[in-house]
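Below, chains carry the letters A, B, ... as their sequence lines are ordered, and counting in each starts from 1.
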Amino acid sequence: MSVKPEDFFKNIISHSKEYGYIFQSSEIYDGLSAVYDYGQNGAELKKNIREYWWKAMVQLHDNIVGIDAAIFMHPTVWKASGHVDAFNDPLIDNKDSKKRYRADVLIEEHVAKIEDKIKKEVEKAAKRFENFDEAMFRSTNARVVEYQNKINEINNRFKTALNENNLAEVRQIIIDCEIVCPISGSRNWTDVRQFNLMFSTAMGSVSEEASTIYLRPETAQGIFVNYLNVQKTGRMKIPFGIAQTGKAFRNEIVARQFIFRMREFEQMEMQFFVKPGTENHWYDYWKENRLKWHLSLGLGKENYKYHDHLKLAHYAKAACDIEFQFPFGFKELEGIHSRSDFDLKQHEEHSGKKLQYFDVEENKSYVPYVVETSVGLDRLFLSILSAAYKEELLENGETRVVLSLPPALAPTKVAIFPLVKKDGLPELAEKIVSKLKFDFNVAYDEKDTVGKRYRRQDAIGTPYCITVDHQSLEDNCVTIRNRDTMQQERINIDALHAYLEDRVTLKSLLKQL
RNA sequence: GCGGAAGUAGCUCAAUUGGUAGAGCUCCAGCCUUCCAAGCUGGAGGUUGCGGGUUCGAGACCCGUCUUCCGCUCCA
C-alpha cells in the first residue's frame, strides 16, 4: 500500500460516506460532535455483525440466553454500580503546560505532602528523645500542630466545596494552597469543570414530580438487575450467561477517531454467572473463546492481540482487552473482565433484595461471581471496515477500491447484471433476482458497462456478481464473479442458490466456531 | 477543554496581490452493445460550514461560532 497511514484512514472515512455506510449525524445542520448515523449499507453490515455475535453467543450456547433491557433504569442502579461517583470528576487545566489534572487528586497530593512533613518531624523527634510518646508529640509540637491544622482546614474546605458542588471554591483551594503544575511549575490554572460522563434527563410530565434519570453508560447493569428474573423463569443452572446488545451513552470529554469513540454507541455484552472459585477457569475460557470468534472473521490473526490490565477498575479481579490493529494503532476492541460478586452484592445492598443462587450440589446459597465479555459493536464495525478496505493496483495499471468484507457480513450478497440491456437478457436477469431475493440481499444493475458495474459492487463489498449473457438463453448458465480474485466461473442458474448458501450465509461462519 | 491544521458540487480539488464560482470523477436521461471504471449527446447539482464586520465589491481580509483531522487523559 503506497498510501500514507493518515491518508488511508481519511480515505476510509470518505469511502464510508460516499457509499452509504456512515454519515455524520445531523450533517445538514453542520453535524453533531462525535455522533454518527449508519446509512443504507452501514445498517445492513451492523445488523449482520450483531446477528453473528448473537447467534454465536445465544444460539450456540445452551446455557446462555438473551434479554433486551430498557435504556432508562432506576437512578439507584447507578449509585449501586459506582457510576455516579466514578464518572464524576472535577477537572482543571494548567494553561502553561496544557496538562489536565483531576482537581481532587491535586488537592489530595498536596495534603499527602504535608503529611510527609509531619512524618519527618515525628521521625526526627523519635531519634532525639528516649521514651518517645508519639501521640503526645503530635498534639503538642507547635510545627506538627500547625501542619495538622492546615490539613484539617483543607480537607474541610474541600469536603464542603464538593458537597455544595462549588467548583469555584475547589479552584480557590488549589490557588490558596499554592499548588503548582508538576510540569510547568506555574499556577496558571483554568476554572474547574465538572465532567459527568453520564447523560441525564427528566422523567415525569410535571416538573415538580420529575426525577433525574440517566441514559445508561453500559448495558451490563440491565443484566444484573434482571439476574434473578432470568435465573428463576428460565430455570437456569450455574454456570449460565445472559447476553444483551443495545445502545449506551457516555458524555466523553474527548470523543474522536470517527466511530471509534462516540457519545452514543452500541455494546454487545454477556455476563456469565459462575460458582465462586471457578471464575479463573471461566475467565480463561472466555478470553480464548472470544478471540476465536474474532479470528473467524478472517481479517488476519496478526491484527489481534491480548492486552492484560495491570491497573484494575474498582469492581474487577482480572481484566484483559482484545486489541485490534486499527489504522491509528492497536486499540481496545473487546474487554473480558472478571467482575467478582461486586455488582450483585452492590445491588443486594442498595435494593435490599437477596440476589443469591441456591446450589443443590453444595446445598448452600451464594452470590455468583461474574465473568463479563463486552465488545463495542461500532468498534467491531470499524475494525471490519478498515481491514476490508483496499486500494489495489491492478496489472493493467488501474486502481480498484474494494471492500473485502467477510461475505457473510456483506450488506448485499450478490448483484445480477444483464451483459447488455436488450435481447431478453434483462428479463432473464430479473427472473434470477426474483428467485434469489427471498434468501439473499440482491442488487440489480443494467446501467453502464459491465466492468463499471463490477467496480461499483466492489466498492460496497458485494462478494459475488452474476452476469447473464446471450449464451445464458441457450444453456441456462451464467458467469459468477468473485469480488476478491475477480475470477469468473460458469454455473447453472439452478445451482446458484446452493452455491451462495455455502458462501455468504452466517452458517458458514458459525460452523468455524 | 487547550494548542496546531483545515472546511468550495455526492467525491477529489482549482479560482492571479479582493473583481461574474470552475474542472475531473460521480449522478440522471438517451445513443452505442462491449465480461473488469477510459465511446458519443444532453442534463442536474453550490447563499463557498454558519453568523456578523471591513469594502463600490469578499471564496479570499477581520471577529465570533459549528464541525472535522493531528497531539494531551479515560474507556466499549
Is any side-chain N or O of A/R481 under 3.5 Å from a base N or O of B/rC36, one able to act as donor and the other as acceptor?
-> yes
Do any N or O atoms from the side chain of A/Q487 and from the backbone of A/N482 form a donor-acceptor pair under 3.5 angstrom?
-> no
Going by distance alone, is a donor N or O of one side chain under 3.5 Å from an acceptor N or O of the other, for A/Y389 and A/S404?
-> no
Measure from the side-chain N and O atoms of A/H61 to the backbone N and O of A/M57, and report whether any donor-acceptor pair falls under 3.5 Å.
-> yes
Between the base of B/rA76 and the side chain of A/R261, is there any donor-acceptor pair under 3.5 Å?
-> no
Side-chain (A/R290) to main-chain (A/T373) donor-acceptor, under 3.5 angstrom | no
Short side-chain N/O contact to B/rC27 OP1/OP2 from A/R456, under 4.0 Å | yes
Establish whether the base of B/rC75 is bridged to the side chain of A/E332 by a donor-acceptor pair shorter than 3.5 Å.
-> no
Indicate, yes or no, whether a donor-acceptor pair under 3.5 Å links the base of B/rC35 to the side chain of A/R453.
-> no
Closest nucleotide of RNA chain B for A/R455 versus for A/I13: which of these residues is on the 5' side?
-> A/R455
Contacts of A/V420 and A/L333 projected onto RNA chain B by closest heavy atom; the upstream (5') one is A/V420
Can you check whether any acceptor in the base of B/rC35 is under 3.5 Å from a donor in the side chain of A/T479, or vice versa?
-> yes
When the C1' atoms of B/rA14 and B/rG46 are considered, how many whole Å apart are they?
-> 15 Å
How far, in whole Å, is B/rG51 from B/rU26 if one measures between their P atoms?
-> 33 Å
Taking atom C1' in both B/rC66 and B/rC25, what distance in whole Å separates the two?
-> 30 Å
Between the base of B/rC35 and the side chain of A/D469, is there any donor-acceptor pair under 3.5 Å?
-> yes
